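The figures here come from the full heavy-atom set of this structure, side chains too, leaving out hydrogens, waters and symmetry mates. Note that this is a predicted model, so its numbers are computed, not measured.
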Amino acid sequence: MTNSSLSRRAFLNHSAAWGGMTAVAPWAMNLALTANAAAQVSNSDYKALVLVFLLGGNDHYNTIVPFDLDSYNAYAKVRTDPGAIDDGLNTIALARSTLTSHQLNPLNPWPSGRSFAMNPALAKLKSLFDTEKLALLMNVGSLSGPLTKANYLKGIDVPAKLFSHNDQTLTWVKGEINSKTGFGGRLADFISSQNEPNTVLSGINLNGGAFLGSSQGPGYRLGSSGAVPLTKFFNNDMVAATVKKLMLQSGSHYMHSAYVDLTAQAFNAVDVVNPPFLKSSVAGFPATPLGDQLKTIARMISCRNTLGVKRQVFYATLGGFDTHAGMPDNHNALLAQVADAMSAFYEATDDLGVADQVTTFTGSDFGRTLSSNGDGSDHGWGSFHMVMGGAVKGKRWYGGVPTIAVDGPDDVGSGRLLPSVSVDQYMSTLALWFGAPSSILDTIIPRIKRYNTSDLGFMR
Amino acid sequence: MQAIETECNPAATPPVRQETAALVFTSASILTACGGGGSEGGLIGGGTGEWNADGSSKNADIFFEQSAELATPMTVNTPTGVKYPKLMPRRSAARFLVQATFGVQGNDIDALCAKWRSRWIDEQFEIPPKSSHYDDVLRYQAQITTIEGSWDQHIWESYATAPDQLRKRVGFALSQIMVVSVQSLLGGGGDRALAGAAYFDWLEKGAFGNFRDLLNDVTLSPAMGWYLSTMNNNKALYNEANVAIRVPDENYAREVMQLFTIGTIELNIDGNPKNGVLKETYNNTDIQNLARVFTGWRADAMSLGIKRWNRPMIHDTNRHSPEEKKFLGVTIPAKTPGVESLKIALDTLFNHPNVGPFIGRQLIQRLVTSNPSPGYIERVARKFNDNGRGVRGDMRAVIKAILLDPEAISPLNIDKPRDEWGKLREPVLRFTQLLRMLEPTSKGPDGIWGITMANAGVTQHPGRAPSVFNFFDPNHSPAGTNIQTKALYAPEFQIASEVSVISVINYFASILNTNPPYLEFNYQRFVDMADKPVDLIATLNLILANESLAQPTVNLMVQTIELLPKPAVGNTNALLRVKVAILMVLASPEYLIQK
């Protein structure tokens with residue numbers, strides 16, 4: 001590692017992408033392919049992928065809301081406690097009258113008799129949908145492979161630890177709970193050579209997490225005020241220099257060396273990232289946790305030429321979506337924050353002239369139950385997600401439209417949805433757009449060959 | 001230490017790895033050490049055979065330490081002829097205080113050296129809390145305008161000054177296993193903050209009680225009731241077609257199993273997957289059934305005012321699910337009353353064979369080391385299962401098993417720590433160590449502290465975990481490091497980032513540079529050493545790092561101090577030297593990895 005660049009450590013001792021897999025050879029062989037493929041990509045362009053992860057399990061039923069009368073009635077009935085016993089009428093369903101002007105009219109029609117509306121809190125994202133900058137992914141979730149309800153009920157090919165927050169979050173962002181690396185990190189490994197010498201900036205975390213974990217580290221963490229420099233302690237240069245020297249003192253213990261590597265990267269970033277980053281500015285972002293993160297990403301993208309980076313994967317997160325209680329008000333407020341931040345981000349990328357080169361997509365631990373506990377909903381599985389950007393074939397829906405019913409054909413209990421399409425396919429569609437050749441797709445998404453298609457078609 | 005005594009056979013070859021034995025043992029006469037760790041005994045070992053005049057070993061030996069803890073005369077003679085060492089080595093004492101307290105204060109080390117660990121622990125078991133978190137936060141709320149500030153200022157003061165350090169340290173560990181994020185309650189106003197404070201009181205009560213009672217208190221805490229939405233959780237409601245149009249909230253039912261008691265995978269007593277197979281402990285049907293148990297609970301009577309936040313939730317029969325509840329192979333018949341249902345459910349969880357290894361491992365991780373050997377986990381789990389007198393869940397026995405285990409007390413783990421040994425010090429404990437060492441006193445009204453905004457500065461804060469999954473996952477292993485390559489865990493790395501590694505040092509420097517409002521630090525004993533940099537660094541190396549700083553590091557620190565202006569009467573040079581010395585130790589990675 002030099003002081004003038006943020007370089008990833010050399011590829012060392014690659015083990016299999018999956019924790020439990022012992023076959024090292026195919027992974028190493030594919031890495032060689034990876035390097036060749038990367039070299040063929042033009043260096044005159046820029047692309048970024050931005051995952052906005054809604055921590056806690058977003059209530060998709062209150063995000064993209066069933067609107068045709070039959071579906072709406074099924075939704076509202078299950079989500080409304082008539083108050084026969086206690087506190088009077090209590091509903092977590094959105095009133096249909098508030099949804100009328102938020103109906104979604106996609107270019108590819110909904111299945112016969114079906115329709116959906118966006119939560120009114122997402123009005124700014126509906127505008128992007130209407131202008132073909134945003135698409136919907138219907139009923140996507142983590143799978144081990146194609147899965148029928150019959151096989152689910154028999155326990156065949158069911159993903160491990162369904163409905164558990166941390167396990168399903170790890171599954172969502174890594175592909176498997178015990179995988180050493182994340183989807184984004186494997187993608188970052190693949191493209192990092194295009195970012196020489198600042199390869200560390202291939203995967204950037206705004207708030208931590210496992211999505212960008214790679215053979216090179218957990219992903220670079222960028223704060224909203226750039227890299228944090230060391231204070232000039234007690235106004236004494238010698239003291240500050242010694243403290244820095246001590247912080248970088250090498251040691252053989254694994255925890256010691258891992259901590260020092262992290263510290264070294266932090267110091268290098270002060271020299272590399274801060275000069276352009278601190279001069280950058282972007283306008284129009286709300287002062288919210290997610291707004292700050294997406295603003296920081298936009299500022300980083302504005303530095304792409306100075307930093308010489310061509311491909312970047314970003315990971316932003318927003319907590320609070322585990323809405324067992326306080327529905328629908330708390331959830332509506334969270335969605336408004338998402339819509340304000342994401343729409344501001346789209347505008348910022350447009351201002352920077354990279355709207356077609358930056359794709360933002362949402363993820364979450366899981367969807368939720370259709371059933372209500374009177375004040376909220378519970379952990380589910382399949383969910384509805386959004387993909388935003390100029391390269392998205394927008395104003396369309398992809399995946400499968402589920403029947404809205406407890407005990408319906410897509411329900412595996414209390415309205416938990418059996419996913420129609422997998423997170424693997426969601427990721428692979430984005431990876432292909434990002435430039436991953438289909439020949440090496442399975443190094444990034446190891447199960448992708450189990451599906452009949454690796455491209456769900458939502459990217460141009 | 002029943003397990004060790006029974007497993008110990010002094011005649012047998014000690015279970016010490018060859019390479020470590022060769023490095024450390026210089027005296028064959030003390031090779032009778034026994035670790036009781038079976039094949040995991042590689043982490044334990046012996047001393048160098050150097051002796052002080054009083055009979056203590058200069059470089060402690062595990063056998064001596066165990067002999068002393070057990071008050072069992074040794075079977076070999078020391079060079080001075082005593083049967084067991086009189087004084088605990090200071091380095092061992094300093095390390096123990098890191099495991100069992102929030103840091104060394106005043107003469108803590110000397111006091112412990114005279115007592116050894118076991119007696120110190122017994123004394124700590126009997127020290128009552130000076131005051132409750134509930135009362136203190138209430139007092140702070142009267143003094144300080146923000147609800148947030150009342151919690152923050154109180155909790156740092158409590159951890160840094162309370163005499164019942166072991167209780168609070170274990171309570172802090174439990175607050176990271178049975179998580180209520182007080183942070184999420186603070187936004188809900190003063191009442192919720194009080195419930196959060198009471199929750200910490202109840203955890204500390206449970207720390208020295210029985211795990212079964214702790215589980216009951218955690219379940220019925222109003223803070224938990226808010227946090228995992230058991231409060232006002234209602235039975236199912238069915239429509240005319242007998243379809244449920246409202247179902248019980250499954251939040252607590254899931255997390256009490258996944259995080260607070262048994263975990264997701266069936267375990268052997270040593271913490272490994274049972275029979276080597278990843279078999280899930282429960283499925284969603286178990287959760288839906290258990291969720292029915294946790295219906296009907298609500299806050300105590302309004303007439304109690306704020307006091308109801310310091311009382312368990314009460315049961316409302318009308319809201320309790322009357323249906324049959326089947327989970328984990330147990331059936332609670334339909335129409336069983338709610339209080340009885342809860343007792344059966346919590347008994348079932350408490351008696352599950354996973355609890356000992358699942359909770360034991362995490363307590364070891366919070367107090368001692370990130371990667372305890374299977375043998376260490378098993379020794380602790382066996383104490384959980386039976387304290388030696390037929391009692392399951394005796395937390396005092398569990399704490400002793402954790403803190404007196406050969407792995408926890410082995411001096412080898414300071415001298416030649418293997419890569420699986422030790423843990424990254426979490427920022428909260430780094431900050432409390434600093435605070436305790438500096439013996440803060442308040443000049444503020446009613447003795448309040450002025451520590452605010454510590455969350456951003458320290459980068460971690462008691463009671464402010466972002467979710468029920470704590471600040472970090474017990475199974476976290478940082479990507480792209482040797483830690484991960486070797487399949488080791490390092491939970492605290494989950495909150496270490498390019499942002500935090502530098503900003504926390506800047507924060508500590510700012511605390512040293514400018515006292516927080518109202519606080520006065522006592523630097524005097526260090527100021528007295530300012531013209532003797534070798535002594536100054538040696539003292540800090542002992543207090544903060546249990547002498548785990550290597551000689552080149554110590555030399556660099558001493559040289560740096562010598563380059564600073566010389567102390568003289570009437571100037572502040574001495575204080576500057578002291579502050580720089582403290583900051584250097586706090587920033588050193590050799591200190592940062594607790595060994």
Chain B contact via A:Asp375 - side chain, backbone, both or neither, heavy atoms under 4.5 Å: neither
Row check, A:Phe267 ring normal vs A:Lys244 NZ/CZ: under 6.0 Å, within 45°: yes
A:Lys245 atom NZ, neighbour heavy-atom count above 12 within 6.0 Å: no
Nearest heavy atoms of A:His324 and A:Asn373, plus distance in Å: O-ND2, 3.0 Å
Engaged part of B:Asn251 at the chain A interface, taking heavy atoms whose separation is under 4.5 Å: both
Donor-acceptor pair, side chain of B:Arg418 and main chain of A:His253, under 3.5 angstrom: no
A:Ala160 portion near chain B, given a 4.5 angstrom heavy-atom threshold: both
B:Ser477 and its side chain to side chain contact (heavy atoms under 4.5 Å, CB included) partner, picked from B:Asn371, B:Thr485, B:Ile483: B:Ile483
Contact class of B:Glu280 relative to chain A, heavy atoms under 4.5 angstrom: side chain
Residue list, ring pair (Phe, Tyr, Trp, His ring centres under 6.0 Å) with A:His256, at least two apart or on another chain: none
Side-chain (A:Lys174) to main-chain (A:Leu212) donor-acceptor, under 3.5 angstrom: no
Top of A:Asp407, A:Leu248, A:Leu222, A:Asn166 for chain B proximity - count of heavy-atom pairs under 4.5 angstrom: A:Asn166
B:Asn239 portion near chain A, given a 4.5 angstrom heavy-atom threshold: side chain
Pairing of B:Lys423 and B:Glu492 as salt bridge, 4.0 angstrom limit: yes
Atom group of B:Leu576 that falls short of 4.5 Å from chain A, counting heavy atoms: side chain
SB check A:Lys161 A:Glu176 (cutoff 4.0 Å): no
Heavy-atom proximity to chain B below 4.5 Å, by part of A:Phe233: side chain
Contact winner vs chain A - B:Asn506, B:Leu586, B:Val499, heavy-atom pairs under 4.5 Å: B:Asn506
Top of A:Met255, A:His165, A:Arg79 for chain B proximity - count of heavy-atom pairs under 4.5 angstrom: A:Met255
Winner by heavy-atom pair count (cut-off under 4.5 Å) against chain B, out of A:Thr231, A:Val239, A:Leu262, A:Val78: A:Leu262
Pairs of heavy atoms under 4.5 Å with chain A: top-ranked of B:Ile502, B:Asn475, B:Asn233, B:Ile593: B:Ile502
Structural part of B:Ile265 lying under 4.5 Å from a heavy atom of chain A: side chain
Most contacts with chain A, counted as non-hydrogen pairs under 4.5 angstrom, among B:Leu583, B:Val468, B:Val247, B:Asn283: B:Val247
B:Lys486, part contacting chain A, at a heavy-atom distance under 4.5 Å: side chain
Best-contacting candidate, A:Asp378, A:Val228, A:Asn205, against chain B by heavy atom pairs under 4.5 angstrom: A:Asp378
Engaged part of B:Ser503 at the chain A interface, taking heavy atoms whose separation is under 4.5 Å: both
Region of B:Ile505 in contact with chain A, defined by heavy-atom distances below 4.5 Å: both
Heavy-atom proximity to chain A below 4.5 Å, by part of B:Leu424: both
A:Arg368 and A:Ser377 side chains, donor-acceptor separation under 3.5 Å: yes
Check ion pair B:Glu498-A:Arg221 (N to O, under 4.0 angstrom): no
Contact origin within B:Gln494 toward chain A - heavy atom pairs under 4.5 Å: neither
Which atoms of B:Gln258 approach chain A - backbone, side chain, both or neither, heavy atom under 4.5 Å: side chain
Chain A contact via B:Pro478 - side chain, backbone, both or neither, heavy atoms under 4.5 Å: neither
Residue selection (most heavy-atom pairs with chain B, distance under 4.5 Å) from A:Ala266, A:Pro229, A:Gly319: A:Ala266
A:Arg416 to A:Phe163, cation-pi by 6.0 Å centre distance and 45° axis angle: yes
Sequence neighbours excluded - ring-ring contact (aromatic ring centres under 6.0 Å, His included) pairs with any residue from residues 227-248 of chain B: none
Which atoms of A:Leu162 approach chain B - backbone, side chain, both or neither, heavy atom under 4.5 Å: backbone
Structural part of B:Leu488 lying under 4.5 Å from a heavy atom of chain A: side chain
Nearest non-hydrogen partners of A:Ala258 and B:Phe493, listed with the distance: CB-CE2, 3.7 Å
Which of B:Leu228, B:Ile245, B:Thr285 touches chain A most, by non-hydrogen pairs under 4.5 Å: B:Ile245
Under 4.5 Å from a heavy atom of chain A, the part of B:Gln288 involved: side chain
Quiz item: cation-pi between B:Arg254 and B:Tyr252, 6.0 Å / 45°: no
